[in-house]
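Structure first, then comments.
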2 protein chains.
Amino acid sequence: MSDANAPNTDIGLDAGPLYRQIKTQIVRRIANGVWSPGELLPSEFRLADEFGVSQGTVRKALDALASDSVVVRRQGKGTFVAQHTNQRALFHFFHLVGDDGSRELPETHRVLACRQRPASSDEAHCLNLPVSAKVIEIERIRTLAGSPAIIERITVPARLFAGLDATPATDLPNELYRLYETDYGITVHRAVENLRPISAGRRDVSLLGIRTGRPMLEIQRTALTVAGTPVERRISRCDMRRHSYISEIV
Amino acid sequence: MSDANAPNTDIGLDAGPLYRQIKTQIVRRIANGVWSPGELLPSEFRLADEFGVSQGTVRKALDALASDSVVVRRQGKGTFVAQHTNQRALFHFFHLVGDDGSRELPETHRVLACRQRPASSDEAHCLNLPVSAKVIEIERIRTLAGSPAIIERITVPARLFAGLDATPATDLPNELYRLYETDYGITVHRAVENLRPISAGRRDVSLLGIRTGRPMLEIQRTALTVAGTPVERRISRCDMRRHSYISEIV
DNA sequence: GAGTGGTCTAGACCACAGA
DNA sequence: CTGTGGTCTAGACCACTCT
């Protein structure tokens, strides 16, 4: 890239087509905060100049990033680093739909706890932390269609979210990923969910008003940054009497 | 396309960029059986000639089709219509994973019934059939890690699958989508699954050896062709004591 | 060696946003 | 009006497969 006739040295061990190297470089800059969510990237021509390649090659990298939802392209305006919006939360990170097919984010939530503590072994494993590491735990109840329906236990590494446990519960938004992004510079890019059915226990009964032993859905989620670093573990117990989990397969 | 300087007439009301029109044309031919699963498409240059556009435009259409898994491209060989393989079944159409993270298709199944009957209202709705339409129902038990774990009721429109109900149970493969493709010319392209937790009933107890009332996962799937026509309704009751459902979110 | 898709380039024109 | 991304073209060269 710096010299068209020599192998590259400014990319970790080089290799692969140019557009892929450029894609990697751009991802790296976004991950390092050189460009922040919502920010306008340089135009294709400027990037092409900087990387020493043709505009078409930069375009191919940017198109790939757009299809990964790492950037958003807007004709006439430019290319922007993707940002968490309610739209994205709804269609990508929230999979519960009403029995009538309605797709709505929870309107309200009630925070039960927000404290710092050592990671459990599950959390240490999923978040790739040493066993002694501290995490911040948020426990809350989310409301669907007017009724409390989800008990959520969210844990994040304390090192990355310093001070989050001191946040007043009223300052915690329902869509936490926007908070992670704006206040801690951490963007959740993708997640893996493991689902299994469970029986309502005493706590579910008292918090959600469901009957003992009724089937519920447990969602275990691990959320990752664009660099693949796990940044959140979230376990949700969901009352599915009026909702189902939707999964689209291609 | 037929004339570079005149608007198109051979595409339903035209409109949109050329590569998209070409993509639509190719999808249409595949849907109509002009090109069958596994078949080699003409080369980019031949298609470009035929459509009267440049090779680059055809390439863009084919790349888009490849990323939709409608075609598969192989350097040095050509572009092929995508085919159902065990790989695709495993990574796209089967979402149950073992507690140890193992991802395996069911090895065996036992067919309980394969008969023709009128569609239920759910089936008529999901398959977009008139209420009086006939469907063919297959009921079977699938085995995971050596134990019967899934009770599946599959229904397909009798009109599209004439004779399927006369198939000996031993001729039904575990991966039905390959049968649909080879014997009935119907390719499942995508599906929508709705999940909800349920309690094990009498039938689950006797067929799967699970205890009454234990939580299970019900998966309601509607499978569609590349043209968007629903071709299968499938309801699976899953014993999740040793498995979870995995969902990857981007 | 011939044919295929994969990469890269260079340049034209269009559609859209905003000063 | 300028600058942006979106489309389309034409041609070069590379990597791979098969004969």
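Residue numbers start from 1 in every chain, and the chains themselves are labelled A, B, ... in the order their sequence lines are given, proteins ahead of strands.
- Judged purely by atom type and a 3.5 angstrom limit, T57(A) has no side-chain atom pairing as donor or acceptor with the backbone of V53(A).
- Shown for residues 69-76 of chain B: residues whose heavy atoms fall under 4.0 angstrom of DNA chain D, namely Q75(B), G76(B).
- Results of the salt bridge (Lys or Arg N to Asp or Glu O under 4.0 Å) test with R142(B) over E107(B), E175(B), E104(B) single out E175(B) as the only residue that passes.
- Residues satisfying the side chain to side chain donor-acceptor pair (under 3.5 Å) test with T170(A), not counting sequence neighbours, are none.
- The number of heavy atoms from other shown groups lying within 6.0 Å of CZ (R190(A)) does not exceed 12.
- Scored by the ring pair (Phe, Tyr, Trp, His ring centres under 6.0 Å) test, F161(A) finds Y180(A), Y184(A) as partners (sequence neighbours excluded).
- Under a 3.5 Å cut-off, the side chain of S236(B) and the backbone N or O of C238(B) do not form any donor-acceptor pair.
- Nucleotides of DNA chain D with any atom under 4.0 Å from a heavy atom of chain B span, from 5' to 3', dT7(D) to dC18(D).
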Problem set entry | Intermediate values then yes/no, salt bridge (Lys or Arg N to Asp or Glu O under 4.0 Å), R178(A) and D183(A) | CA-CA 8 Å; R178(A) 302 179 68 176; D183(A) 290 15; over 6 Å; no

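- Between T79(B) and dT4(C), a side-chain N or O to OP1/OP2 separation shorter than 4.0 Å is absent.
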Exercise. What do the steps show when you test E44(A) against R73(A) for salt bridge (Lys or Arg N to Asp or Glu O under 4.0 Å), and what is the final call?
Worked result: CA-CA 11 Å; E44(A) 295 178 351; R73(A) 317 198 69 185; 2.3 Å; yes

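- A cation-pi arrangement is present between R74(B) and F80(B) under the rule of less than 6.0 angstrom and at most 45 degrees off the ring axis.
- Taking a 4.0 Å limit (strictly below) on heavy-atom distances, residues 36-46 of chain B reaches DNA chain C at S43(B), E44(B).
- Legend: residues meeting ring pair (Phe, Tyr, Trp, His ring centres under 6.0 Å) with H243(A), ordered by chain and number and at least two apart, are absent.
- Mapping K77(A) and Y19(A) onto DNA chain C by nearest heavy atom places Y19(A) closer to the 5' end of the strand.
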